[in-house]
Protein chains: 2
Amino acid sequence: MNTSERLVTAAAELLDAGGEAAVTLRAVGSAIGVSHNAPYKHFVSRDDLLAAVATSDFRTVADAWKQIRKSVLKPNQRLLDALDVVIRFSQDHPARYRLLFNSPAIAARGGPLTSAADEALSVFAAIVEDGQAAGVFPAAPSDHLAVLIFATAHGLIDADASGRLRTRTGWAEIGTGLQILVRLLSNDRSHVASGQARRRRPGRLERD
Amino acid sequence: MNTSERLVTAAAELLDAGGEAAVTLRAVGSAIGVSHNAPYKHFVSRDDLLAAVATSDFRTVADAWKQIRKSVLKPNQRLLDALDVVIRFSQDHPARYRLLFNSPAIAARGGPLTSAADEALSVFAAIVEDGQAAGVFPAAPSDHLAVLIFATAHGLIDADASGRLRTRTGWAEIGTGLQILVRLLSNDRSHVASGQARRRRPGRLERD
DNA sequence: ACCTGAACACCGTTCAAGT
DNA sequence: ACCTGAACACCGTTCAAGT
């Protein structure tokens, strides 16, 4: 691994360990044994280093989604699995999740980060589109429906992270909300009336 | 206005003008003609001052929602108007919106902020519940449905703020996405197939 | 009770200098 | 080409001192 990659790895670990505030250039440099401004030889600024972490994470998420899209699961379950990827990521790496979907200043930088984000989201949209083609999801334009679904997932994750959702609903898991959404959207409306989703095992959206 | 209120007002104005980074205690103090650490006589920390701004804003939003709930509009339009309140707020005061729904460190403080947030969200839930009682929205537990709808709105606002939604969909307005959601959720499914919402006039969700 | 001014321990960033 | 160390202009926060 070259210095640039080691800096990105160190920054990611600091994000996981102490949140964004812990990612000081002094701490990143120290973590890999260089001075506090060696990073400036590889990244134009602190934000540029953070953007590099986000770019790498977007590619990881996109790869996971590609695997799911190729799987033999039913459309409903494929969508739930895809959402599970980001739920897990948000729980395992909250600060890095915020970097992906919650950092206007970073997102506005454009460049490779925006490309990586667009590619990842297009895979997610394809998973939704597959479900529409199979007649399971309504025929709204697939980009719109995918954004709606993803926005809901992101909103639930975000509300959960801020603690507001938990206190209001007592939901143990974000996934329950997403299961309800998928059922509400599904052309099979038989489960809607109850609105009750079964309990899910930790970290995994339950099969339908 | 006492010093404490003037500090909150000054902080809110700085948030609007320059985002969270612009809210330094030196700038806040200077804005009302006191020293850079006079705020410590009224708030225990910078975060405490920011929490006071958020508390005040939650109360403003709650008041607007109470008015909408009392209105004679149809349930669908009441919900769209309620969502319009937060969309407008997010566009007029992006940094303050982030303080309300996007700041785990601030939200985790609890106290009056959490109370104000809970009260506001309970009014929103009541608006959704009214629609369910009228048979317009599905009968999922009202708290769950309200959180789902709000999470979607928040997710769309957030995606819009981060620039990702706009580039992927070209939607001029967040509201279009919410109109689609409300139609998808409504028991009247006649509009679902097209998924096309009419254009809306700026800053106002169109009547159905 | 409320405020001030100096001070402390941090930041990100710049820059001249080294190899 | 890559890195270092000093320096600069900021921060939030603390503290002794003022009225």
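So you know, we letter chains A, B, ... as the sequences are listed, proteins then strands, and number each from 1. Model, not experiment: these values are computed from the prediction. Atom set for the values below is all heavy atoms of this structure, side chains included, hydrogens, waters and symmetry mates excluded.
- Relative ring orientation between B/F124 and B/W65 is described as tilted, the plane-to-plane angle lying within the 30° to 60° band.
- Side-chain atoms of B/R26 do not come within 3.5 Å of backbone N or O of B/H36 as any donor-acceptor pair.
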Quick one: side chains of residues 56-63 of chain B, donor-acceptor pairs under 3.5 Å with protein atoms, not counting sequence neighbours, listed by atom name and distance.
residue: B/D57; atom: OD1; partner: B/R96; partner atom: NH2; Å: 2.9
residue: B/D57; atom: OD2; partner: B/R96; partner atom: NE; Å: 3.0
residue: B/T60; atom: OG1; partner: B/S56; partner atom: O; Å: 3.1

Dot-bracket notation for DNA chain D, counting Watson-Crick and G-U pairs under 3.5 Å, with | for partners on another strand: ||.|||||...|||||.||

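- A/H42 places its NE2 atom 13 Å from the C1' atom of D/dT4, with the value rounded to the nearest Å.
- The closest side-chain donor-acceptor pair between B/S35 and B/N37 falls under 3.5 angstrom.
- With respect to the salt-bridge test (charged N to carboxylate O, under 4.0 angstrom), the residues A/E20 and A/R46 qualify.
- Ring centroid separation for the pair B/Y97 and B/H93 does not come in under the 6.0 Å cut-off.
- For the pair B/T3 and C/dA1, the criterion of a side-chain N or O lying under 4.0 Å from OP1 or OP2 is not met.
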Which letters describe nucleotides 8-19 of chain C, given B = protein heavy atom under 4.0 Å from base, S = only from sugar-phosphate, - = neither? ---BBBBB----

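- Residues B/T152 and A/I149 have side chains not in contact (no heavy-atom distance under 4.5 Å, counting atoms from C-beta outward).
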Quick one, B/L25 with B/L49, criterion side chain to side chain contact (heavy atoms under 4.5 Å, CB included). Give me CA distance, side-chain angles, the key distance, then yes/no. CA-CA 9 Å; B/L25 294 181; B/L49 171 59; 4.2 Å; yes

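- With rounding to whole Å, A/N2 atom CG is found 16 Å from D/dA1 atom P.
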